[in-house]
There are 4 protein chains.
Amino acid sequence: MQLNFNSPKPIYLQMVDETKKALVRGELAPGDKIPSLKERAQMSNVNPNTVQRAYQEMEREGLTETLRGQGTFIKNDPALLLHIRSEMAQTAVLHFIEEMRGLGIEAQEIERILRDQLSKEKKEG
Amino acid sequence: MQLNFNSPKPIYLQMVDETKKALVRGELAPGDKIPSLKERAQMSNVNPNTVQRAYQEMEREGLTETLRGQGTFIKNDPALLLHIRSEMAQTAVLHFIEEMRGLGIEAQEIERILRDQLSKEKKEG
Amino acid sequence: MQLNFNSPKPIYLQMVDETKKALVRGELAPGDKIPSLKERAQMSNVNPNTVQRAYQEMEREGLTETLRGQGTFIKNDPALLLHIRSEMAQTAVLHFIEEMRGLGIEAQEIERILRDQLSKEKKEG
Amino acid sequence: MQLNFNSPKPIYLQMVDETKKALVRGELAPGDKIPSLKERAQMSNVNPNTVQRAYQEMEREGLTETLRGQGTFIKNDPALLLHIRSEMAQTAVLHFIEEMRGLGIEAQEIERILRDQLSKEKKEG
DNA sequence: GTGGTCTAGACCACC
DNA sequence: GTGGTCTAGACCACC
């Protein structure tokens, strides 16, 4: 859960994204309780109201549900994980292609650039 | 030159990026005069102060130079275009890979997802 | 006895209303014993403190009476049922009219909208 | 714009409803600018953050749109007014019928009670 | 302890 | 001046 306090992207949205990623990576599972507002606020060194805004957004998106006085839980919906995974991957790939096209770079070269970078990282990593 | 006024990315940085992309795509060439603050402000429906900040940033990055009383010009440096192109493509591909890894998706599947999307767009487009 | 835990209306008041409705519908009768705090708390999946507050409120409104060691009973007052029925119906109709007037909808159209909805439900139901 | 500070219904939701009603009653029109956060906060004797939450909710529901630095406007969508009017009237009538059914009161008597109240108000008013 | 609402007030980008 | 984000901290209903 690394937050970038200098990013123009609001912290509460970064928190939503990080929660989705944790779910997709299997670090969270449907039905899991997520930390309370105050716990998360302390962990992330952020104001509880900011956490609340993130949790509110997640609830609005159908990612979590809240049980009064008990806390907030990842929705226990088996399709949720796959849905979020494909949604986020789709967003990322579309954004990438759009960026490259904005540079006048087309399909073949886009693929090549990705392949080059991946194999470069493999050698180095 | 499409600006997204709801993006958290500051408008002036969006303007810098759009100028870079126009250059890379060949819509602008080294040595070209770019619009005056006021022209650009009207074209983009943006406050002249915002344009000024974009122009300052471009100057700071070595992308443009201003000739007193004559206006602002894309720097007449033959290497500039290639440099910006590879810099922006590099940024995009690194960002994309990082996003996908954040979802627990690794090299092979990243390539597959990109390939799928590109061929899907080819069919549809 | 359906409680809405996301309603802004306090749970204990929802419980009072539900008890009144059960009485008016004849599911409870004057003189009937109502469940103990603990029973009701378990049935409704609610904290006993919340039930207690509901029971206090019902006592305060003259709806119930408690006999030491024997439990809580719907008051054995023949007029009670009719009184509550007309009071709740009155509250509902006044609230409805006020809502509709707030939308600039006047008597004739209010009646029409109600009639339409009732006949629609009749056909469907 | 009368707010009830003692209602359990959150103030920000009351503000959303009041704005919808003003629109339906014709006191606001599509395209109109609504008061700025600070103006509205002063007018309503409420904290600007509370107003902002109301405005945010209206934006989320597609009722308004925000132009950076210029303010918040009722969306200029001709269908909006009728849509909200019928949505709110529908909600009210369904709620009313449900309340009455909860009291064991059925169609004919529901209609009669409404008619009686309306003609009573006519005589008195 | 748990989330929900609200106040008070700061700082920011943009007009 | 305009809305957007964030902090700090209060009070509430419910557990």
Side-chain angles (χ1 to χ4, degrees), chain A residues 3 5-15 33-41 44-56 58-59 64-73, chain B residues 3 5-15 41 44-54, chain C residues 3 5-15 41 44-54, chain D residues 3 5-15 33-41 44-56 58-59 64-73:
Chain A
L3 298 173
F5 291 93
N6 295 315
S7 166
K9 185 168 186 170
I11 294 171
Y12 78 93
L13 288 180
Q14 293 185 46
M15 296 184 103
K33 184 176 187 312
I34 62 177
S36 80
L37 291 183
K38 285 162 192 172
E39 279 169 5
R40 163 63 84 233
S44 298
N45 216 3
V46 142
N47 187 284
N49 285 337
T50 302
V51 183
Q52 210 225 351
R53 195 157 175 199
Y55 281 21
Q56 183 186 302
M58 293 194 289
E59 185 119 19
T64 56
E65 58 194 339
T66 295
L67 299 183
R68 271 223 211 181
Q70 294 184 51
T72 300
F73 300 79
Chain B
L3 298 173
F5 291 94
N6 293 314
S7 164
K9 187 168 184 172
I11 300 295
Y12 81 94
L13 288 181
Q14 292 186 45
M15 297 184 98
S44 299
N45 214 6
V46 141
N47 190 288
N49 292 332
T50 304
V51 183
Q52 197 191 11
R53 220 173 144 184
Chain C
L3 298 172
F5 290 96
N6 293 314
S7 165
K9 187 168 184 171
I11 301 295
Y12 81 95
L13 287 181
Q14 292 186 47
M15 297 185 98
S44 299
N45 214 5
V46 142
N47 190 289
N49 292 332
T50 304
V51 184
Q52 198 193 9
R53 222 173 143 180
Chain D
L3 297 173
F5 291 94
N6 295 313
S7 165
K9 186 168 185 169
I11 294 171
Y12 78 93
L13 288 180
Q14 292 185 48
M15 296 184 103
K33 184 180 187 310
I34 62 176
S36 80
L37 290 183
K38 284 163 193 171
E39 278 170 5
R40 163 62 85 236
S44 299
N45 218 3
V46 140
N47 188 285
N49 284 337
T50 303
V51 183
Q52 209 226 350
R53 193 156 177 201
Y55 282 21
Q56 183 185 302
M58 294 194 287
E59 186 120 17
T64 56
E65 58 193 340
T66 294
L67 299 183
R68 273 223 211 182
Q70 294 185 49
T72 301
F73 300 79

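This one's a predicted model, so the numbers in the text were calculated from it and none came from an experiment. In what follows, every heavy atom counts, from backbone to side chain, and hydrogens, waters and symmetry copies are set aside. Each chain gets a letter, A, B and so on, in the order the sequences are listed, and its residues count up from 1.
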If you round to the nearest 0.5 Å, how far is [atom2] of [Y] from [atom1] of [X]?
X       : Y       : atom1 : atom2 : value
A/Gln56 : A/Thr72 : CD    : OG1   : 11.0 Å
D/Thr50 : D/Arg40 : OG1   : CZ    : 12.5 Å
C/Asn47 : C/Ile11 : CG    : CD1   : 11.5 Å
A/Lys38 : A/Gln52 : NZ    : CD    : 11.0 Å
C/Lys9  : D/Ser7  : NZ    : OG    : 10.5 Å

Taking [atom1] from [X] and [atom2] from [N], how many angstroms apart are they, rounded to a whole number?
X       : N     : atom1 : atom2 : result
A/Ile34 : E/dG1 : CD1   : C1'   : 16 Å
D/Arg40 : F/dG3 : CZ    : C1'   : 15 Å
D/Lys33 : F/dG1 : NZ    : P     : 12 Å
D/Glu59 : F/dG3 : CD    : C1'   : 10 Å

Paired stems touching DNA chain E, three or more consecutive Watson-Crick or G-U pairs with both distances under 3.5 Å?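 E:1-14 with F:1-14 - these are the stems of 3 or more pairs that involve DNA chain E.
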Using a cut-off of strictly less than 4.0 Å, decide whether D/Thr72 has a side-chain nitrogen or oxygen near OP1 or OP2 of F/dG3.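 Checking F/dG3 against D/Thr72, a side-chain N or O does come within under 4.0 Å of OP1 or OP2.
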Look at A/Ser36 and E/dG1 and indicate whether a side-chain polar atom (N or O) is within less than 4.0 Å of OP1 or OP2.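 Result: no.
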I want to check something: taking the side chain as every heavy atom from C-beta on, are D/Tyr55 and D/Ile34 in contact at a cut-off of under 4.5 Å?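 Yes; the side chains approach each other to less than 4.5 Å.
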Not counting sequence neighbours, which residues clear salt bridge (Lys or Arg N to Asp or Glu O under 4.0 Å) with D/Lys33? List them please.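 Partners of D/Lys33 by the salt bridge (Lys or Arg N to Asp or Glu O under 4.0 Å) criterion come out as none, since no residue qualifies.
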Does the structure place the NZ or CZ of A/Arg68 under 6.0 Å from the centre of the six-membered ring of C/Phe5, at an angle of no more than 45° from the ring's axis?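 No cation-pi geometry.
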How does each nucleotide of nucleotides 5-15 of chain E score, in 5' to 3' order, for protein heavy atoms under 4.0 Å: base (B), sugar-phosphate only (S), or none (-)? BBBBB---SSB
